Amino acid sequence: MLRLQTIICTFSLLSVAARADFKARNCSEVREACIEKGFSFAHVPVQEIPGEHLRVCPQGNTCCTQDMEDTFGQQSKQDFENLVDETSHDLRSTFVSRHKKFDEFFLELLENTERSLNEMFVRTYGKPYMQNSEVFENLFAELKRYYTGGNVNLEEMLNDFWSRLLERMFTLLNSQYVITEDYLECISKYTDQLKPFGDVPRKLKAQVTRAFIAARTFVQGLSVGREVAQRVSKVSSTPACIRALTKMLYCPVCQGMPAVKACRNYCLNVMKGCLANQADLDPEWNQYIDAMLLVAQRLEGPFNIESVMEPIDVKISEAIMNMQENSGQVTYQVFQGCGQPKPAGMTRSTRGVSDVFSARFRPYSPEERPTTAAGTSLDRLRTVWNAMQHSVLDIKEKLKLSKKFWSNLPEALCMEDRVTAGNASDEDCWNGHAKGRYFPEVQKDGLTNQVNNPEVVVDITRPDTFIRQQIMALRVMTNKLKNAYNGNDIYFQDLSDEGSGSGSGSGCTEVCPTDTDGAATEAPVVKADRSGPVDHSAWLHAPSVALPTILALSALALHRQYR
């Protein structure tokens with residue numbers, strides 16, 4: 001009898017405890033939390049109900065209906081996508097804004113250079129310049145077309161520029177003869193043999209190609225980084241990932257604990273499983289960033305107009321004066337190869353070569369500050385140039401910060417207070433089943449390391465083809481950047497010529513040697529008389545204004561570093 005009374009008493013005590021526990025875990029907090037988060041459920045249980053209907057959350061007593069769990073699953077997918085989007089926002093905006101800024105600076109530099117050249121030449125040289133301006137217009141058009149992605153071989157284009165310039169100068173120096181188109185075509189065949197401009201075209205060609213190859217590849221690299229970041233940030237969640245996210249983010253709500261957040265290591269395993277393919281992007285991304293930083297080194301120092309303009313002026317002046325001083329020999333060799341053209345007759349100017357060289361150049365002092373409109377153009381160009389230099393420095397710092405972004409993404413996501421318990425103790429976080437410590441080991445990064453992920457079922461035999469496409473895009477761009485760093489243009493390399501590179505670029509396979517003799521010359525820099533229009537012979541007597549202005553800013557970019 002005593003034993004029966006003891007059993008009845010114990011049962012009564014357990015019933016009271018159960019009723020007290022059941023009352024303590026009502027669903028009022030869940031209802032309030034759902035309203036606060038914007039959910040409009042038709043029915044939220046007042047008290048816990050049996051959870052046999054649940055497919056993701058624990059099936060014990062629960063505050064969730066099946067409709068609530070389904071809605072939480074859809075919201076988990078949206079929350080995850082939003083979280084990745086927000087976390088990657090700074091990375092994406094960096095590439096978008098820096099690509100736009102660098103591209104605008106470089107195009108503005110080209111346009112301002114061409115504009116200042118045209119204004120100066122029309123004002124100073126008048127009709128003789130306008131009759132020959134298409135030579136320089138074509139130069140700028142081709143440089144811009146190359147930079148914007150056109151199929152232009154820089155070496156061939158620059159060779160063509162010097163050939164056209166030789167033809168025009170030869171015609172002006174020999175105005176007593178009738179120079180036909182066929183005769184000009186013959187002259188162009190002898191350009192390499194005659195070398196009328198000395199060694200300057202060869203040196204400038206190396207500088208121009210290296211500068212534009214670096215600039216074009218760098219801006220293309222920013223474009224590729226922008227596109228990859230934007231595409232990869234648009235995550236595609238698998239059903240297994242959505243299930244794991246729902247369990248982590250919303251099952252505590254169903255358990256009547258809406259304020260409890262996930263344990264950090266639990267969150268890391270979920271995110272590493274959901275972002276396994278994105279983590280595989282990281283090795284190629286890091287190599288791409290390193291290659292971008294190398295090319296940025298090429299763009300830093302040389303993008304300084306004041307340190308590059310003077311030596312470029314000197315060398316181009318030397319080229320023009322070489323042509324003038326050797327005009328007699330050049331004319332003789334052309335006559336030997338192409339025959340002597342017919343005399344122009346009495347109706348045509350018979351100004352001789354000796355008359356062409358009768359003028360005297362006035363030395364140009366680098367300390368002189370131009371006071372004409374050209375000075376204003378120079379100030380504008382210097383402002384753009386300095387802005388571009390600061391832009392490159394800024395881009396370098398941002399690129400350094402973006403290394404290992406994709407492998408660090410789970411860490412970044414799980415540091416968010418709304419996802420994990422933050423500084424709460426290990427006993428006060430959601431472990432996927434209850435409030436308490438999370439014991440499983442955190443998995444390593446990447447797809448193959450998710451084979452034993454305890455939270456997300458990942459098929460490691462089926463890599464994401466979309467992510468693999470982005471990896472390939474980065475690999476191709478990294479190869480172009482490495483070639484640009486060495487002064488080679490991958491678009492025009494002769495693959496059969498190992499190590500030499502017969503297309504645009506210097507052809508060196510390692511870091512290109514500096515051109516120490518590039519700025520050394522005894523030829524004085526000269527300045528054109530800006531008092532008014534002059535005849536065609538004066539056009540030939542202004543080397544430091546004509547060609548320096550044209551090619552100075554187009555050959556600036558890597559001059560100082562490669563000299």
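What you see is a predicted model; the values in this text were computed from it and never measured.
For the residue pair Leu83 and Thr87, the shortest heavy atom distance occurs at O-OG1, 2.7 Å. Between Gly446 and Ala279, the closest heavy-atom pair is N-CB, 3.6 Å. Contact record, Ser391 with Lys101: OG-CD, 3.8 Å, taken as the closest heavy-atom pair. The two atoms that bring Arg216 and Gly150 nearest to each other are NH1-O, 3.0 Å, heavy atoms only. When all heavy atoms are compared, the tightest approach of Gly221 to Met292 is CA-SD, 3.7 Å. Closest approach of Ile187 and Phe170 over heavy atoms only: CD1-CD2, 3.4 Å.
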Next item on the list: Decide ring pair (Phe, Tyr, Trp, His ring centres under 6.0 Å) for Phe102 and Phe218; before the verdict, give the C-alpha distance in whole Å, the side-chain angles of both, and the deciding distance to 0.1 Å.
Entry: CA-CA 9 Å; Phe102 182 88; Phe218 190 71; 5.2 Å; yes
Item checked: Candidate pair Trp406 and Tyr288, rule ring pair (Phe, Tyr, Trp, His ring centres under 6.0 Å), full reasoning -> CA-CA 13 Å; Trp406 304 106; Tyr288 152 77; over 10 Å; no
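Side-chain contact, Asp489 with Tyr146: a donor N or O sits under 3.5 Å from an acceptor N or O. Side-chain N/O atoms of Thr94 and Arg98 include no donor and acceptor closer than 3.5 Å. Inspection of the Ser163 and Ser188 side chains reveals no N or O donor paired with an N or O acceptor under 3.5 Å.
Expressed to the nearest 0.5 Å, how far CZ of Phe212 lies from CG of Leu143 amounts to 4.5 Å. Rounded to the nearest 0.5 angstrom, Arg298 CZ and Thr217 OG1 are separated by 12.5 Å. The structure places CG of Leu222 at 5.0 Å from CD1 of Ile395, a figure rounded to the nearest 0.5 Å. For the atom pair NZ (Lys404) and CG (Asp445), the distance works out to 10.0 Å, reported to the nearest 0.5 Å. Here the CD atom belonging to Gln340 is positioned 11.5 Å from the OH atom belonging to Tyr332, to the nearest 0.5 angstrom.
Using cut-offs of 30° and 60° for the angle between ring planes, the Trp162 and Phe197 rings count as tilted.
For Leu401, there are no side-chain contact (heavy atoms from CB on, under 4.5 Å) partners two or more places apart in sequence or in a different chain. Contacts of Lys205 classified as side-chain contact (heavy atoms from CB on, under 4.5 Å), with partners at least two apart in sequence or in another chain: Glu155, Leu158, Asn159, Thr209.
Between Phe161 and Phe140, the distance separating the two ring centers is not shorter than 6.0 angstrom.
Within 6.0 Å of CG on Asn138 lie more than 12 heavy atoms contributed by other residues, nucleotides or ligands.
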Taking distance alone, no hydrogens or angles, what donor-acceptor pairs closer than 3.5 Å link side-chain atoms of residues 225-232 to residues at least two apart or in another chain?
residue : atom : partner : partner atom : Å
Arg226  : NH1  : His99   : ND1          : 3.3
Arg226  : NH2  : Ser223  : OG           : 3.1

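In this structure, the side chain of Trp285 does not engage the main chain of Ile471 through any donor-acceptor pair within 3.5 Å.
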